[in-house]
Each structure stands twice: as C-alpha cells, then as structure tokens.
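So the structure is just underneath, and the comments pick up after that.
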Amino acid sequence: MPSIGTLAFDEFGRPVLILKGQESKKRLFGIEAHKSHILAGKAVADTLKTSLGPRGMDKCMVSPDGDITITNDGATILSMMHVENEIGKLLVQLSKSQDDEIGDGTTGVVVLAGALLEHAEALLDKGIHPIRIADGYELAAKIALDHLDKIAESYPLDLTKLDPLINTAMTTLGSKIVSRCQRQMAEIAVNAILNVADMERRDVNFELIKVQGKVGGRLEDTLLVKGVVVDKTFSHPQMPKEVRNAKIAILTCPFEPPKPKTKHKLDITNVEDYKKLREYEKEKFTEMIKSIKDSGTNLVICQWGFDDEANHLLLSHELPAVRWVGGPEIELIAIATGGRIVPRFQELTAEKLGYAGYVRELNFGTTSDHMLCIEQCKKSNTCTIFVRGGNKMIVEEAKRALHDALCVVRNLVRDNRIVYGGGACEISCAIEVAKEANQIPTIEQYAIRAFADALESVPLALAENSGFSPIKTLSDVKSQQIAENNPRLGVDCLNTGTNDMKAQLVIETLIGKRQQISLATQLVRMILKIDDIRLPGESEE
Amino acid sequence: MQPMIIILKEGTDSSQGKSQIISNISACQAVAEAIRTTLGPRGMDKLIVDNRGKATISNDGATILKLLEIIHPAARTLVDIAKSQDAEVGDGTTSVVLLTVEILKNTKTFIEDGMHPTIIIRAIRKATALATKKVKEIAVYVKSDDAKEHRALLEKCAQTTLSSKLIARQREFFSKMVVDAVLMLDELLPLNMIGIKKVTGGSLEESRIVDGVAFKKTFSYAGFEMQHKKFLKPKIALLNIELELKAERDNAEIRLDNVAEYQKIVDAEWSILYDKLEKLHAAGVNVVLSKLPIGDVATQYFADRDMFCAGRVQEDDLKRTQKACGGAIITTVENLNEQSQQVMGTCEIFEESQIGSERYNFFTGCPKAKTATMILRGGAEQFIDEVERSLHDAIMIVRRAVKNDSIVAGGGAIEMALSRTLRDYSRTVPGKEQLIIAAYAKAFEVIPRQLCENAGFDATNILNKLRQKHAENHMWFGVDIMHEDVSDNFTAAVWEPAVVKINAITAASEAACLILSVDETIKVPKSSAEPSNAAKAMNMA
C-alpha cells in the first residue's frame, strides 16, 4: 500500500476516497524518502564531479533539436540536462543561483552539496534525526565561514598593476577549454571590467560589456574592442569602408516618409494625385537627407531599414549609413559615442550627434562576413569582447569561460579579499571544522564531523581528475598543512612541483567560496527536512 | 410487487446513519496523518508535485492541505479551517487541524456506543467556552508602554513561529526583519503594504529590508541605459497613462484625399505624445512610473532630459510607491504644472542597483514610509517560496501581537494547562457530559505529544512529566525540544499571542461539531457520461 495515511475505510471495508485521483498518486514517506533524495542528489553531483579543476573533462550535450553544446560549466551542464527528479531540480537551481550571484564555482557548489548529502546518509543510518543533522551542518558551516574570513587575504587592488587581477582570472580560466590562451583571455577580461567599472561605487554594470562571437580564425585572434562591434555592414557596397572622426546620427525612425499609426487610406483617383504623391515622397526624402547633412553628420546609424531610393540618395550625398541595427546595440552605440537617440528627423541637431574617432568594417577570411567596429569613442566606457574560434562550440564555450572570468574580476572589484584555490581553503576549513567538532557536546558533533569530511570532497575530486591517488594526495596535503600551519597548500593538479597555491597563483575570491558553502548547506537542510513526497501519477485521461 | 420510486437522480451516492459519522471521522484522521509530522521545531517538510509538475516544499499546514486536492466532503472541512486560521491569524494551521481530528477521534468511541451526537456537541461547546475563558484568564499582559520591551516581545513571538520553519537557524535575523517591517506600517497594519520580493542566488543572510519600496527593473526600450540611475529627492510622477506612439482609437480609420494632409496627421499623432511628455518635463518631474507601457520614443525623450522612467510597473508596487512617497496615481497630465506638487511624490534617494543578477529600483528614505519591502535571497526557487510563506506567518503573528499584547507560552504548555483545567472541571459535572469533557481535555494533549514524537522523544514519558508539573500548578511547563525534557517555556521565551490559541480552539471545536452533526451525505454525480471516481473505486473494491 503506497499511500498509507491517505486511505480510510468505512465499516464495510470499502475504501473512502479522500484525495483527487488518489489511486494514481505516488507517495514516498519517512526514511525511504530521505534515501531517494540522497540518491538523486548524489547522481547529479557525480555527473559534475569529473568536470572539476584544471584537469576536468568537458561534457557534450545534444539537445532535442540536435544542437550540440560542449562545456564544463556546471550551471550550463545542469540546465541542459533537463533533470526530471525534483531533488535534482533543486541542485540545478543551486548551481544557477551560484551562477547568478558569483558567476563562478558552479560545479564546486554542486559537488559540495552532493557530498553533504552522501555523508548525511550514513548519519541517517545511525538513526540521527535529519533536522539535527541539518543543525549540525549549519553549525559547521558557520565555523567554516569564520575560518575562511580568518585565512582570507586582502588583495591589492591597484589600477596600475593588473597582474594580481589577471592571476585570479587565470585561475578561473584554467579549467576551461580556453586554457591554451589563458593569459590573453584573462587580460581581456580584466581590461574589460576595469574599463566599465565604477570604482567609487564598486559597481560594475555588465550591460556595458558585450561579448560577440564569430566562427572562424583562431582563439588567439580574440580581441577586446574599446567601443562597439555590430554585426552589420554599410548599407551600400560603394560606401567608404572606414570613417574617421565620425559624427554619428543615431536614428530610431525609418528612413521613409512618416506614416500615421492610425489606420488610414489614401484615395488616389487620378494621375495628377499620383504624381503629387510621388513628389511628396521625394520631397520628404530630400528633406530628411538635408536635415542630416545640415546637422553635420557623416555617419548614419538607423534602427530600421530604408529602401533603395533612400540608400541611393545617402550614397550620392556621401553619407555612409548602417541599417537594421538592433535596439541594445543602438543603446550601446549611443552610450559609447555620447550621442542621443533621435526618434524624429525634426529633432536632429548637431548636439545630439555621437562621436567616434574611427569606424571601420572588419572582414574575415574569405567569407563575405563583415562587421562594423566603432572605436575611439568619446566616452569609452563600453567595450566589446570579440571571440574567434575554430567552430561554433568553441566560440560558445569561450564566451561562457569569459563570462566566468568577468564575474570573478567583478567580484574582486567589489570585495578584494581572496582565498587560495586548488582545494587549499577547503582542506584548511575541514581541519578547522574537525577540530571544533570535538568540543561540541551534543549529537550534532557527528554531523559536524561529516561536514568536515564532505568539504574534503572537492580536493579529492581535483586529485582524482588529475590522475593522482586521491586519498594519498589528500592525506599528504592535509598533514603538511597541519605541520606547517599553512592554509595555502592545495592539490598540485598541474604537476608544477610545488603545492603552495600562493606560488602557483591559484586564487579564488572569498565571496565566491563563502557563497558556495552557505548555499550548499542551506539547500541540504531543505532536502533533509523533507520526509514526504507526493507525486501525481500518470494521468488517466 | 412494489413499484420503485426514484427520488434522486440516478447514480446519486447517498450514505447515512451512525456509520456515516464514523466514516467521516476516519477520513479526517487520514488527512491529519498527512500533516502530523510538520508540527514543531523538529517537524519535517513535505514535497508536493502537482499535475503540471510544479513542486512545492512546505511545512505550512494550510499550504499542504490546499495542495493535496482533497475531495472527501468531510475532510474538506479540515482544509477550510486550516485556511480560515491562515487568514485570521496566519499561524497555527497545523495545530488547528490536529486538534480537530483529536477531538473527533476521542469522541468516536462515544458515537460507536450510541451516544447521540447532539449531546456530544453540546458538551464540546461548553468545554470550548471554558477553554477560551481559561486562556484569557491566564494569558500574560505585557505592557507596551516601553517601546523597547514591546519590541522584544514581538521578536520573541516571531521567533517562536519561525522556529519550526526552514529558517529556524536564522530566526533571530528574520524576526528582527519581520518586526521592523510591521512596525513601519500605519495603524491599520495593512498586509499588502509589506512587499516581499524574491531574488534567487545569494545566501539567506543577504536578505534585507528596505524602508520604502523596491521593485524589479521593468522591461525597457533602447535609451533606458542612458538615463540617470540615481536621484536625490526626486519628484516622482505616478501615471496610469500609456506613453507610446500609437493609434489613439483602435478601430478608427482615416480617409485622405489629399497628399498634403498626410503630414498633418502624422504631426498630430506626434504632438499628442509630445504634449504629454512636455507637460511632465515642464512640471519638473525626475522619475516617471507608469502602470502602462512607456514606449521607446518616450524613453529616449526622458533620457534626453535626464529623467528616469519605468513602464509596466506592477499595480501593487505602484500603490506601495504611492503610499511611501506620497502623491497620487494620475490618469492625465493635462493639469500638471509647477504648482500641482501635491500629486507628485518624493523620497530621499532613488536608485537603481544590482541584486544578484537582476537590477532593482529602490525608493528609500520616504517621508511617509508606511510601507516596507523585504528582499529575500536564497539558493533555489522553492527555497525562497518556503521562506516567504514562513515570513508571512511570522508577519501575521507580529501583527496580531501588536494589536493584542497578551501572550501565552507555547511548546505545548498552554495546551497542557487547558487539559488539566478541563479535566478537573469534568469531575464536577454529573451525567454523560463528564465523559465528553474529559475526552475533550485529553484531545489537547495531542500537541505536546506530537511535538515529542516528531523530535523522536519518548512521548509518554514526557507527557507524564508534564502532567505531574501541571498538577503542581506549574502552568507554563512545556516540552523542551533541545534537551529532551520539560521546562518552563514562559521563561524560555517560547511565546505565542493568546489570540492565536483562542482562534485555534474555537475553530477546531466548531469544525468538530460540524463533522459530528452530519449524518447523511448525498453526492450528486457529475454527469451521466462517466461514473465518478468514487463509484469506480467502489466497483474495484
């Protein structure tokens, strides 16, 4: 009887229906429910485990439409896996919220949550109340977070010396496919952030950084444009391919005679009227061109299209023009060039024009692809990262990697405290938590100890992915950390010969780590607190 | 042969008599089984997936019962009382259901023995009156003259509610927030003036309260990013006007017979919009909020004049803004000028800033500040949803406590005190009522018993200890979850507003009487096409 507790019988022993569609509903209860949650959580975490660290592997996901994505970004993998299980979905959201908030460490947070669940299972078997386990985990998380604050180091945030920032970005990129040009990518990310960062408010508006990708070329050809790149070309092939000292008119009205929005009908009954209409249209076109010319514009950017007649007129008046530029790009161009968006020709004046030092068309290889690049703008606080790569998958993955790197640098701008990566801070926290555990007099002690073990799952996975014997490596590092009292020792994934992460420059942000621990703990508490699941069965209709 | 007389529609299911009452009681018992384990600080959560695959994780009795889709008519009564308790006091929804079922269970034997339901009902009514009188009698009135003391009382009440929820560990943090929010409100304490906004990502401790209004950035058109994002003491106009270039009348059609008039129409349309925009600008407005869309032309117009605008603002957000900043929601700008300041609101600081991956508009330091907004953070959507429900309960309790400052001790203490009083009283009553009142008194013990059972304690042992303490007139002794013992819960600051208990007792008794007084159920079939589910189950059985 799967649904004990929802069935009642009347005096003849006939079942009384209480819930709608009761026969088809599924219910899991008590310890069985806990076990099934833990199993689901572990399965999801196991999928991601091999993606952790610089020697982590990528996953290839094929969507129902046949689109292929190759990535090792935890949040992306999980969101594309279409997890069905409810507990699995919670883990997907966990990595997504880490992605939203921090941008990096999305794999680590899931691995940690999975490990916490796994250790909870052993405790449940001992007969410890799930809420006490959760309480113990929260106590332990607090110890770990306090310890992290203690071992964190303040990082010099000097705008003249970018090396420290670049090193952090490199740590993030180290596990990605772009690690081939790690340094270059890291530099791009740092420059991009510093370009748009508001150092006083310590705020970084991501809307001002645009990441554009184009298939073709090599990864090394990726570049940062301090300005805007638009995937458009000049509207007429005979227009000049580059404009210097461009005065840009940014229009959001179509280059055609204005039309009323109200439904209308124009009756033309004779030839005279028809000619008049032509006259009128022509007059309008010349009027428009004139108003543009008069304002001193030498480049027109338009959100809408313009027909051949307008195109021809623009060419003959030596006005290079770009049409069908999307809304967000228009906005970026306006911000970059300091221009104002003009909704009507009548409003076009010289003050509203934007300025860019150099506008040129980029050509790629032998394909007829062109892109428009607007550089040396008046206010250069927008920038575009232009990613190149051999195939679409690489370009997409490089974009994601850059996003992670950008987030990390942004977090450093916000809070410049760091901890050392490579599992170093996890091991250090684990040691501290295990030490504190002995001083707790209640049952929670077991949970705290389990938490310490779970923290070690990150360095374990790192070592395993790097092909070391995980337990040996971990115990070596751990004993060394205790002996030298040095929280900077981690797993030497790349075989560089030292396991001092400070020397290896493997750096992670403090807020990223803190977030991982507190998010994972809170989610595990939520999962442990559930003792009853009700699922709708297959509907009969 | 006698002719059959059919009175009811064919297929109508009718059952009656004593067995009907008993079967109704069994059904209610089955329902209570489903939420039994959610009670108390060691209570567990339920995960319920509905037919559309939406998962809800909750510990709130009313929420769970609502989602269970109960169809049994008698059991539906329980859902209704849980709902009414939720609406009336907000908390104690699980206990009210448990209490009802326990009363029913204890009276079941009397029904089986052939006692008439009306006698039982009369006795229950009598006992209820006694119980509520007793609660009022022993409730402790805390003087609210001292603001600090009053605040401490409110925080204690909020903490007691939160201790059984997911955020039990953070209850001090959240109880402060809840009390802050409630105290910001005006005399009437309208619930809808506390806005709760949920942003995934970040840890629970990053939740915060805004003494004003905050809402998510609305959909924006090109030009939005160029607007100023921070104003000090802005003038805020709240509109219910569409600021978009559009056909003024949907089904209108214009017939033109002259080309020259074409331009006039276009100009007329533009001037309708521009008139509105100019009026707003002329009145010196800095921030424009509208319930209806604000189009791209208007966005750019405002950007051009250093104003901020947001269209499609949710209605309740707009109303809260109005409450906080003053002013009025206006439907025309015709009469807006420098003099009509009273329709415009203001606040100290308006700012747009980033929370997680979303941008929020903040209005802080409002002069009237009769409204508050809580911004909740957390790892997963279901997680925040449950936090919201928990906070809703806490807010309701605090609201109640502000109005009625009498409190009783929780953790089963008040129930034990009532149980003892009623038992003593029952011995003075001659006749059948004695039995019923004693049974009613015993029903109260279900709350401490369930608290113990959920925590995995020996319920009988603890209950006996409690009975002994109460017999010695220690009336505030209740279950001590943390130490598996009994303790004086009044000094331990496990407090609940007395009105919550009174409401729970009356609601539970009334529901019990209602179920007891039904002796016949006539169920009309839905339609003749398909036999109802119940009939199908009958056939199967």
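Every chain is numbered from 1, with letters handed out A, B, ... down the list of sequences. Below, each value reflects all heavy atoms present in this structure, side chains not excepted, and no hydrogens, waters or symmetry copies. Keep in mind the model is a prediction, meaning the values are calculated, not measured.
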For this session: Determine whether more than 12 heavy atoms belonging to other residues, nucleotides or ligands lie under 6.0 Å from atom NZ of Lys105(B).
Result: no
Problem set entry | Segment of Lys230(B) engaging chain A (4.5 angstrom heavy-atom cut-off) | neither
Problem set entry | Exceeds 12 heavy-atom contacts within 6.0 angstrom, atom NZ of Lys217(B) | yes
Problem set entry | Which portion of Gln98(A) sits near chain B, non-hydrogen atoms under 4.5 angstrom | neither
Exercise. By a 4.5 Å heavy-atom criterion (distance strictly below it), what part of Asp99(A) contacts chain B: side chain, backbone, both, or neither?
Worked result: neither
Problem set entry | Region of Ala32(B) that comes under 4.5 Å of a non-hydrogen atom in chain A | neither
Problem set entry | Pairwise side-chain contact, Met526(A) with Gln382(B), heavy-atom cut-off 4.5 Å (strictly under) | yes
Problem set entry | Exceeds 12 heavy-atom contacts within 6.0 angstrom, atom CZ of Phe173(B) | yes
Exercise. Among Ile533(A), Val92(A), Asp531(A), which has the most heavy-atom pairs under 4.5 Å with chain B?
Worked result: Asp531(A)
Exercise. Does the side-chain contact (heavy atoms from CB on, under 4.5 Å) test come out yes or no for Met44(B) and His34(A), once each step is laid out?
Worked result: CA-CA 11 Å; Met44(B) 308 297 278; His34(A) 283 125; 3.4 Å; yes
Exercise. Relative to chain A, which of Asn24(B), Val266(B), Asp296(B) shows the most heavy atom pairs under 4.5 Å?
Worked result: Val266(B)
Exercise. Rounded to the nearest 0.5 Å, how far does CD1 of Ile48(B) lie from CG of Asp532(A)?
Worked result: 7.5 Å
Exercise. So do the side chains of Lys96(A) and Glu381(B) get within less than 4.5 Å of each other, counting heavy atoms only?
Worked result: no
Exercise. Checking heavy atoms, do the side chain of Leu332(A), its backbone, both or neither come under 4.5 Å from chain B?
Worked result: neither
Problem set entry | Atom CZ of Arg278(A) with >12 non-hydrogen neighbours under 6.0 angstrom | no
Problem set entry | Gln300(B) versus Pro343(A), closest heavy-atom pair with distance | OE1-CB, 4.0 Å
For this session: Just give me the residue among Ile22(B), Ile167(B), Ile57(B) that pairs up with chain A most often, heavy atom to heavy atom, under 4.5 Å.
Result: Ile57(B)
Problem set entry | Top contributor to chain B contacts, counting heavy-atom pairs under 4.5 Å, from Arg514(A), Gln515(A), Gln522(A), Glu279(A) | Gln522(A)
Problem set entry | Considering all heavy atoms, the nearest Arg132(A)-Arg42(B) contact | NE-NH2, 3.3 Å
Exercise. Would you say the side chain of Ile530(A) lies within less than 4.5 Å of the side chain of Lys46(B), judging by non-hydrogen atoms?
Worked result: no
Exercise. Which answer fits Leu139(A), side chain, backbone, both or neither, if we ask what part of it has an atom under 4.5 Å from a heavy atom of chain B?
Worked result: side chain
For this session: Go through the atoms of Glu112(B) and report whether side chain, backbone, both or neither lie under 4.5 Å from a heavy atom of chain A.
Result: neither
Problem set entry | Atom pair OH (Tyr301(B)) and CD1 (Ile341(A)), whose distance is rounded to the nearest 0.5 Å | 15.5 Å
Seminar exercise, completed: Most contact-rich option vs chain B, by heavy-atom pairs under 4.5 angstrom, among Glu138(A), Lys352(A), Glu331(A), is Glu331(A)
Exercise. Between Lys89(A), Glu84(A), Gln93(A), which has the largest tally of heavy atom pairs under 4.5 Å with chain B?
Worked result: Gln93(A)
Problem set entry | Contacting moiety of Lys142(A), where chain B heavy atoms sit under 4.5 Å | neither
For this session: Test side-chain contact (heavy atoms from CB on, under 4.5 Å) on Ile131(A) and Asn454(B) and set out the steps.
Result: CA-CA 10 Å; Ile131(A) 292 189; Asn454(B) 288 349; over 6 Å; no
For this session: State whether Asp50(B) and Arg534(A) are salt-bridged, where the test is any N-O pair (Lys NZ or Arg NE/NH1/NH2 against Asp/Glu carboxylate O) under 4.0 Å.
Result: no
Problem set entry | Atom NZ of Lys108(B) with >12 non-hydrogen neighbours under 6.0 angstrom | yes
Problem set entry | Residue among Thr252(A), Leu523(A), Leu94(A), Ile102(A) with most heavy-atom pairs under 4.5 Å to chain B | Thr252(A)
Exercise. Which residue out of Gly456(B), Ala168(B), Gly43(B) racks up the most heavy-atom pairs below 4.5 Å with chain A?
Worked result: Gly43(B)
For this session: Look only at the side chain of Arg344(A) and the backbone of Val297(B), and say whether a donor-acceptor pair between them is shorter than 3.5 Å.
Result: no
For this session: Would you mind telling me which of Arg36(B), Arg76(B), Glu206(B) has the largest number of heavy-atom pairs within less than 4.5 Å of chain A?
Result: Glu206(B)
Problem set entry | Ser164(B) OG to Lys529(A) NZ distance, which is reported to the nearest 0.5 Å | 6.5 Å
